[in-house]
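Data block below; observations after.
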Amino acid sequence: MKEKELRRSMAVFTIGTVMKLTDLTARQIRYYEEQGLIEPQRTETNRRMYSLDNVDRLLEIKDYLAEGLNMTAIRRIYDEKQHKSKRPQEVKEHHLTDDDVRRILYKELLNTSSFNPNDTTSWNKNL
DNA sequence: ATTCTAACA
DNA sequence: TGTTAGGA
């Protein structure tokens, strides 16, 4: 099952095709790279080359953005994952990753200023 | 024709 | 984020 991983990580798309595939503007795609969300390869002429994994992540980012999250919030989500994959000890929480993301999302929504947690009653109590 | 960086009437 | 200038 390693051939598959190789292909998904193989950079074969130009920013132009990624734009069509993700419906994002070149500006956004480059900006998300600046934020450390993706790391496309570069050709000898400095052109960006994206892999399927890169495209998938961009689509995820687009979803998070649609849910009202800001860059710092999204950045944290991927940073958390990176931390966990580097800690073989915490096997326990490896299974809660998906739910963890959910919690992070809500927590960040509070800082997105589009909500008033002040007078809302109980949905955010145990976050 | 495409993409890149930098910058903002 | 959009857009544009000036290069590659």
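Naming convention: chains lettered A, B, ... in sequence-line order (proteins, then strands); numbering from 1 in each chain.
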Between [atom2] on [N] and [atom1] on [X], what's the gap in Å once rounded to a whole number?
| X | N | atom1 | atom2 | value |
| --- | --- | --- | --- | --- |
| A/Lys20 | B/dT3 | NZ | P | 8 Å |
| A/Tyr31 | B/dA6 | OH | P | 16 Å |
| A/Arg27 | C/dG2 | CZ | P | 8 Å |
| A/Lys62 | C/dT1 | NZ | P | 12 Å |
| A/Asn46 | C/dG6 | CG | P | 20 Å |
| A/Glu44 | C/dA8 | CD | C1' | 14 Å |
| A/Gln41 | B/dC4 | CD | P | 14 Å |
| A/Ile15 | B/dA1 | CD1 | P | 19 Å |

Between [X] and [Y], is any pair of side-chain heavy atoms under 4.5 Å apart?
| X | Y | result |
| --- | --- | --- |
| A/Ile15 | A/Arg30 | yes |
| A/Met19 | A/Ile29 | yes |
| A/Tyr32 | A/Thr22 | no |

Hunt down the Watson-Crick or G-U wobble partner of C/dT1, both distances under 3.5 Å, from any strand shown, or write none.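 WC or wobble partner does not exist here.
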Tell me the partner of B/dA1, counting only Watson-Crick (N1-N3 plus N6-O4 or O6-N4) or G-U wobble (N1-O2 and O6-N3) with both under 3.5 Å; none if nothing fits.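 Its partner: none found.
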Distance below 4.0 Å between [X] side-chain N/O and [N] OP1 or OP2:
| X | N | value |
| --- | --- | --- |
| A/Thr14 | B/dT3 | yes |
| A/Arg30 | B/dC4 | yes |
| A/Thr25 | C/dG2 | yes |
| A/Tyr32 | C/dT1 | yes |

No-hydrogen, no-angle side-chain donor-acceptor test under 3.5 Å, A/Asn70 and A/Thr72: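 Looking only at side-chain atoms, A/Thr72 and A/Asn70 do form a donor-acceptor pair, the distance falling under 3.5 Å.
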Classify A/Ile29 by what it touches in the nucleic acid, base, sugar-phosphate, or nothing, heavy-atom distance under 4.0 Å. nothing
Could you pick out which residue, A/Arg47 or A/Leu65, lies toward the 5' side of DNA chain C when each is mapped onto its nearest nucleotide?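 Mapping each residue to its closest nucleotide by heavy atoms, the 5'-most match is A/Leu65.
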5'-most contact on DNA chain C (nearest-nucleotide basis), A/Leu24 vs A/Thr45, goes to A/Leu24
Within the side chain of A/Arg57, is there an N or O that forms a donor-acceptor pair under 3.5 Å with the backbone of A/Leu37? yes
